[in-house]
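Below is one structure, written out as structure tokens; comments come after it.
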Amino acid sequence: MLISVVWVVFGAANLIRAGMAVYIAPALDGYVLSLPLPLLGSVYGLWGVIFIAAAVVAWRRQTTTGAFGLAVAYQVVLWTLNLVSARSGYARSLWPRDIFLTLVFLTFIALLAGCKRPQRR
């Protein structure tokens, strides 16, 4: 099931992000950051575990139930971090690109999960 592969990839990517937060934290000691790296590492680590667990559940049950909801929840968390931490004009100038990528991601997951548009009567 392809959604399981996607969740494993996103789980691994988030676990790598969590590890990188721990790895680079000493190099940024003394700098003022928008959000503390331990917080970001914890958030990404938690999402990594959630995605790996979702991959296992989707694989064992052979279902895509909840896949789109998980993708939306993930994007809500990422956008919350983005809105809270974006201090620079440059970071905010990337929001149109980020919105586009969010829509592409959600569309991709919706297609994989087999979500159908509501039928008009």
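Source: prediction; values computed, not measured. Heads up: numbering here begins at 1 and tracks the sequence.
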message = Taking side-chain contact (heavy atoms from CB on, under 4.5 Å) as the definition, give me every residue that meets it alongside Ser34, ordered by chain and number, with sequence neighbours left out.
response = Ser85, Arg87
query = Does anything in residues 37-58 pair up under side-chain hydrogen bond (donor to acceptor under 3.5 Å, both in side chains), and if so which pairs, sequence neighbours excluded?
reply =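 Applying side-chain hydrogen bond (donor to acceptor under 3.5 Å, both in side chains) to every pair that reaches into residues 37-58, excluding sequence neighbours, yields Arg17-Tyr44.
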Hydrophobic clusters here meaning ILVMFWY residues chained together by side-chain heavy-atom distances under 4.5 Å, can you tell me if [X] and [Y] are in one?
X	Y	value
Leu106	Leu101	no
Leu15	Phe51	no
Val84	Tyr31	yes
Phe100	Phe108	no
Tyr23	Leu39	yes

ask   = With sequence neighbours excluded, what pairs up with Phe105 under the ring-ring contact (aromatic ring centres under 6.0 Å, His included) test?
value = Phe10
request  = Answer yes or no: is there a side-chain heavy-atom contact under 4.5 Å between Ile109 and Trp7?
outcome  =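 They are in contact (side-chain heavy atoms under 4.5 Å apart), so the answer is yes.
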At what distance, to the nearest 0.5 angstrom, does [atom1] of [X] lie from [atom2] of [Y]?
X	Y	atom1	atom2	answer
Asn82	Leu94	CG	CG	8.5 Å
Arg60	Ser4	CZ	OG	12.0 Å
Leu40	Leu35	CG	CG	5.0 Å

ask   = Residues in side-chain hydrogen bond (donor to acceptor under 3.5 Å, both in side chains) with Arg92, at least two apart?
value =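 None.
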ask   = How would you list, by chain and number, every residue that makes a side-chain hydrogen bond (donor to acceptor under 3.5 Å, both in side chains) with Thr65, sequence neighbours excluded?
value =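 For Thr65 the side-chain hydrogen bond (donor to acceptor under 3.5 Å, both in side chains) partners, ignoring immediate neighbours, are Thr63.
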message = Has Thr64 got a side-chain atom pairing as donor or acceptor with Ala67's backbone, closer than 3.5 angstrom?
response = no
Output a table of donor-acceptor pairs, distance under 3.5 Å, between side-chain atoms of residues 68-81 and any protein atom two or more places apart or on a different chain; print 'none' if there are none.
{"residue": "Tyr74", "atom": "OH", "partner": "Asn14", "partner atom": "OD1", "Å": "3.3"}
{"residue": "Tyr74", "atom": "OH", "partner": "Asn14", "partner atom": "ND2", "Å": "3.2"}
{"residue": "Gln75", "atom": "OE1", "partner": "Thr102", "partner atom": "OG1", "Å": "3.0"}
{"residue": "Trp79", "atom": "NE1", "partner": "Thr102", "partner atom": "OG1", "Å": "2.9"}
{"residue": "Thr80", "atom": "OG1", "partner": "Val76", "partner atom": "O", "Å": "2.7"}

message = Please give me the minimum heavy-atom distance between Ser88 and Ala91, naming the atom from each residue.
response =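 That closest heavy-atom pairing would be OG-N, 3.0 Å.
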query = If you look at every heavy atom in Val8 and Ala55, which pair is closest and at what distance?
reply = CG2-CB, 3.5 Å
